[in-house]
Amino acid sequence: MTTVVVVGSGIAGLTAALHAHEAGADVTVVTKGALADTNTRWAQGGIAAVTSPGDSVDAHAADTLRAGAGLADDAAVHVLVSAGPDRIDELVRRGVAFDRTADGDLARGLEAAHGMPRVLHAGGDATGAEIQGALGTAVRAAGIEVREHAALRDLLVVDGHVAGVTLVVDGATTELRADAVVLATGGAGQLYAHTTNPAGATGDGIAAAIRAGAAVADLEFVQFHPTALAVGEPFLVSEAVRGDGAVLVDDDGRRFAFDAHPDGELAPRDVVARANARAMAAQDGRPVRLDATALGTERLAARFPTIDAAVRARGLDWSRAPIPVTPAAHYLMGGVVTDLDGRTTIPGLYAVGETARTGVHGANRLASNSLLEGAVFGARAGDAAGRPVSDGWPVVPAVGLPAPEPVAPSADAPPFSRETLQQLLWDAAGLIRDGDGLDRAAGILAAWRAAGAPSSLEDDNLLLVAAHVVDAARARTGSVGAHFRSDAPATAAAGRTSAASISSPSEALAC
Ligand code: SIN
C-alpha cells in the first residue's frame, strides 16, 4: 500500500488526505498545531466557483486571468475553474453548509474583480471555519491518522526521491517515512510586520522544499489585502464588504479608489491595496476608512457576523461611522513549483494550496480563488499521491526568473529578531519596492544568514523564505500585478510570458 504524509491541515491538505485515502493509500496528516489551526479557518469572503446558469467557466477564467495581470497560466486557470463545481458538490457532500437564499438556492456574493456574484459563503463571513470543521470531521471519520503538534523540520530525500519527513515533536526530532509527501503548510504572512495571517504562517513547507532542492518561483508576488482593521491586531475585513457596497474614503471623505482604476473599490486587489497605501501616505500615514454605513446595522450583523464582532470588540460601530483600515500581507502567489497534479521537481514530493506555485494566480490572485485552489489542486494531488509509486514521475519544468547576482552581507546589519525581519520586509519588499531598498534588504538578510541559523525553526524558515522573496523581487526589474517597483512603475516585467504589464496605466502616472 502506498504511504502518504500530508503536512498541513487546511482545505488543501485535508482534501489531499481524503483523496489519497480514497485512492487506497495509507495516509497520515501532520500539523504543527491543532488540526483546525490553519489559515483556512480564518477565510471570510468565501469560495469562488461557477454555480449559476448565468455564469460560465470562460467568464470565471477571464476574471482570473485579468486579475493575474497577464502572468497566470491558461491551462492551470482552466483546470481551476472547470473543476470548481465538482469540488463545491464534494464540499457539500462532506458536510459544508453554504448559505442559501430563501428559496434554497446557493447564496452568491460579489467580490472585487469578479464580473458577477459567484462567491459562495457559509455562516455569513465564516466560510473558512465551516469548511475547516467539515473536512476535519471527514478526516477523523475516515480513520486517517492525524498527528497534531508535530512541526515539519525537513524532507527526507533518498536517491533523489522523497522518502518522508523529519518532525519536531515535544522538542525531539523523529522520522516519518512515506512513499509520497504532500506539502500543504500555507503561506508566509509572518514575513511582514502587518498581516492578516495567523501566527503559524511561517513558510515551513516552502523552506523545507528549498532546503531539499525543489524549484520555487513567483515569490515576488505577495498579495496585500487592502482592508485590515487598523485598530488593535490587524483583522481582515473581507472584500465581500466592498462587494456589498462599502466604499473607501480618505480623511476628507473623498472616494479615492477611482483615481487608480475605473472599477474603484472593486478593482483587482493589488490596485486597491496600492491606492490605499498612497492615500495613507498622502495623509501622513493615517489609515483610510471603509464606509459601510449604507449597509445598516442588521445587514452588517447578519451577513458579516465575524467582522461585526471584531469591529465592535474594538469599540467601533461601523453601522454609524467609517472604520480605519490599512493594507496587510495576505497571500503568497508564488511557492513550490508544481504541475497540475501538485507534483514538484522532486519525485514523490507534492505541494498544494498556498504552498504551491501552480501558475493559477499569476501576479495577483482573484478574490476567493484561494479556497478553490486548495479544493481543486488538493484533490488532484491526493488522487495522484495515492496511486502506486511505480506510476512514474514526469519532468516538472522549473519556471520563474533567473536568480539575480548575490549581494554581499551587509556590514552594519542590525541584530536579527523576528520583528526586525518583519519590518525589513514590510519596508523593502512591501506594497511598493525599489531596487536600492531590495538590495539593502538582501545584504541584511545575507548577513543574518551568514551569522548562523536563528534560534527557532520558524524564524529559520522565515529567514530563508525572506531571502528568496527579496531575490525574486530583485530579479523582476519591472512592475506587474502585486510586484510594484517605484523605480520602474510602467515597465512591463521581464518574465516568462509576453503579456506582463502593470494593472492600470493610470497607476504609473500617479507614482
Ligand atoms: C476576503 O474575504 O476578502 C479574503 C478572501 C480572499 O483572500 O480571497
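In each ligand, atom 1 is the first atom listed, and ligand 1 is the first ligand listed. Since the model is a prediction, treat every value here as computed from it, not as a measurement.
In this comparison of His330, Arg365, Glu239, Gln44, the heavy atom closest to atom 3 (O) of ligand 1 sits on Glu239.
Ligand 1 does not have Gln223 within reach: every non-hydrogen atom of the residue lies 4.0 Å or more from it.
Counted by atom type alone, Asp58 and Ser56 present zero donor-acceptor pairs between their side chains at under 3.5 Å. There is no side-chain donor-acceptor pair under 3.5 Å between Thr127 and Gln44.
Close approach to Ala367 involves these atoms of ligand 1, each under 4.0 Å from a residue heavy atom: 8 (O). Here is the list of ligand 1 atoms found below 4.0 Å of a heavy atom in His225: 1 (C), 3 (O), 4 (C). Applying the 4.0 Å criterion to heavy atoms of Gly45 picks out, from ligand 1, the atoms 2 (O).
Among protein heavy atoms, the minimum distance from atom 8 (O) of ligand 1 is reached at Ser368 N, 2.6 Å. In terms of protein heavy atoms, atom 2 (O) of ligand 1 is closest to Ser238 OG, 2.6 Å. Remark: minimum distance from atom 5 (C) of ligand 1 to any protein heavy atom is reached at Arg269 NH2, 3.5 Å.
The side chain to side chain contact (heavy atoms under 4.5 Å, CB included) test with Thr202 singles out one residue from Asn197, Leu191, Leu462, Val465, and that residue is Leu462.
Put simply, CD1 on Ile88 and CZ on Arg93 are 12.0 Å apart, with the number rounded to the nearest 0.5 Å.
Aromatic ring orientation, Trp42 versus Phe235: perpendicular (interplanar angle above 60°, classes split at 30° and 60°).
A centroid separation of 6.0 Å or more is found between the aromatic rings of Tyr331 and His225.
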